[in-house]
Amino acid sequence: MHDGWYYVVTREKVFRIRQEGDELFYEGASDNFIRHFFGFDEDYAAIKKQLKKDAVLADAIKQYPGLRIIKQDPWECTVFFLCSQFSNIKKIKRNLDLIAEKFGKEIIFKGKKFFTFPPPGAINDLKKLKKCSVGFRAKYILAVNNAVSDEFFARLRKLSYIEAKEELMKLPGIGEKVADCILLFSLDFTESFPVDVWMERVMKENYAVTLPLRKMSFFGREKWGKLAGYAQQWLYHWKRLHKNP
DNA sequence: ATCCAGGAATTTT
DNA sequence: AAAATTCATGGA
């Protein structure tokens, strides 16, 4: 955030965006990119109407009506969640900033310096990677970096949710939760329902679900279908920020 | 100082 | 098959 603009770097792209009232201004990205990135073609009014039938979600949506799922770059999203295990969001962001500095390209946009995120295959130096304070996750990042490509992620989009998830979970460091996050946040599988410690708390405290963590993801998909991912985001956000009712 | 953080792999019951 | 342990690092 600077001078009223939000600067966004995603993979090799940098753009800035600003809202005035109900008008949106942006520079550095095409209309189509912006539409997909923010999901402006998705009918959020209809999604919210449907999810509000659930009492807990009704409260979450009331408190955070503007919440959206941003469509991230699949590879960058993968590295993010490879870094996520046993860590926290602030530190993960720092990990990705360091990776961009050491492996990405410097670009100047509107007189400001940014670093692009390196493409698959470019994170090929274990020593440099270790300096990004990713710790024991370095071996996973390196292995996945060598195993995937942009084409790999493009192929996943054509598979079913189950098939795509199985493919992701073959990769080292990617379990059920990380796979679900990649599918939801970057590959348009809106039925994905990632379950982490926070979602486990929501399920137990607000839905009286005591299934093993592994089966909670299935529970969410059964309950909300193609809208499970949206439900997950509202519940997750609500549980993290909202004081317990 | 001690504890914990958007989990997954490995080892032990 | 399920439960416990281990895995680096930084911030509170």
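To find a chain, count down the sequence lines: A is the first, B the second, and so on, and within it residues start at 1.
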Could you list where the contact with chain A starts and ends along DNA chain B, reading 5' to 3', using a 4.0 Å heavy-atom cut-off?
dA5(B) to dA9(B)
Please give the remaining members of the hydrophobic cluster of Phe25(A), linking ILVMFWY side chains under 4.5 Å, ordered by chain and number.
Trp5(A), Tyr7(A), Val9(A), Val14(A), Ile107(A), Phe109(A), Phe114(A)
In whole angstroms, the gap separating P of dG10(C) from CZ of Phe136(A) amounts to 13 Å
Want to settle it: does Gln85(A) or Lys90(A) sit nearer the 5' end of DNA chain C, counting the closest nucleotide to each?
Gln85(A)
Would you tell me whether Ser133(A) and Arg94(A) have side-chain atoms, one donor and one acceptor, within less than 3.5 Å of each other?
yes
Going by atom types alone, do Glu42(A) and Tyr230(A) pair a side-chain donor with an acceptor below 3.5 Å?
yes
Rounded distance in Å between the P positions of dG6(B) and dA4(C)
23 Å
Looking just at side-chain N and O atoms, do Asp196(A) and Tyr236(A) make a donor-acceptor pair shorter than 3.5 Å?
no
Round to the nearest Å and state the distance from Asp97(A) atom CG to dG10(C) atom C1'.
15 Å
Using a distance-only test with no angle check, is there a side-chain donor-acceptor pair under 3.5 angstrom linking Asp180(A) and Ser192(A)?
yes
State whether a side-chain donor-acceptor pair under 3.5 Å links Asp59(A) with Trp238(A).
yes
Can you tell me how far P of dA12(C) sits from NZ of Lys91(A), to the nearest Å?
14 Å
In this structure, how many angstroms lie between the P atom of dG10(C) and the CG atom of Asn95(A), rounded?
9 Å
Greater than 12 external heavy atoms within 6.0 Å of Arg18(A)'s CZ
yes
Checking Lys71(A) against Phe38(A): charged group under 6.0 Å from the ring centre and within 45 degrees of the axis?
no
Starting at atom CG of Leu211(A), determine the distance to atom P of dA1(C), rounded to an integer number of angstrom.
19 Å
Starting at atom CZ of Arg94(A), determine the distance to atom P of dG11(C), rounded to an integer number of angstrom.
6 Å
With a non-hydrogen cut-off below 4.0 angstrom, is Tyr140(A) in contact with a base, only sugar-phosphate, or nothing?
sugar-phosphate
Using a heavy-atom cut-off of 4.0 Å across all strands, would you classify Arg137(A) as base, sugar-phosphate, or nothing?
base
So which of residues 175-185 of chain A are in contact with DNA chain B, with a heavy-atom cut-off of under 4.0 Å?
Gly175(A), Glu176(A), Lys177(A), Val178(A)
Residue met sooner reading DNA chain B from 5', once Phe81(A) and Gly173(A) are mapped to nucleotides:
Phe81(A)
Under 30°, 30 to 60°, or over 60°: which ring-plane class applies to Trp75(A) and Phe153(A), parallel, tilted or perpendicular?
tilted
Just to be sure I understand the rule, does Glu200(A) reach a base, reach only the sugar-phosphate, or reach nothing, if contact means heavy atoms closer than 4.0 Å?
nothing
Write down the distance between CG (Leu213(A)) and P (dA1(C)), rounded to a whole number of angstrom.
19 Å
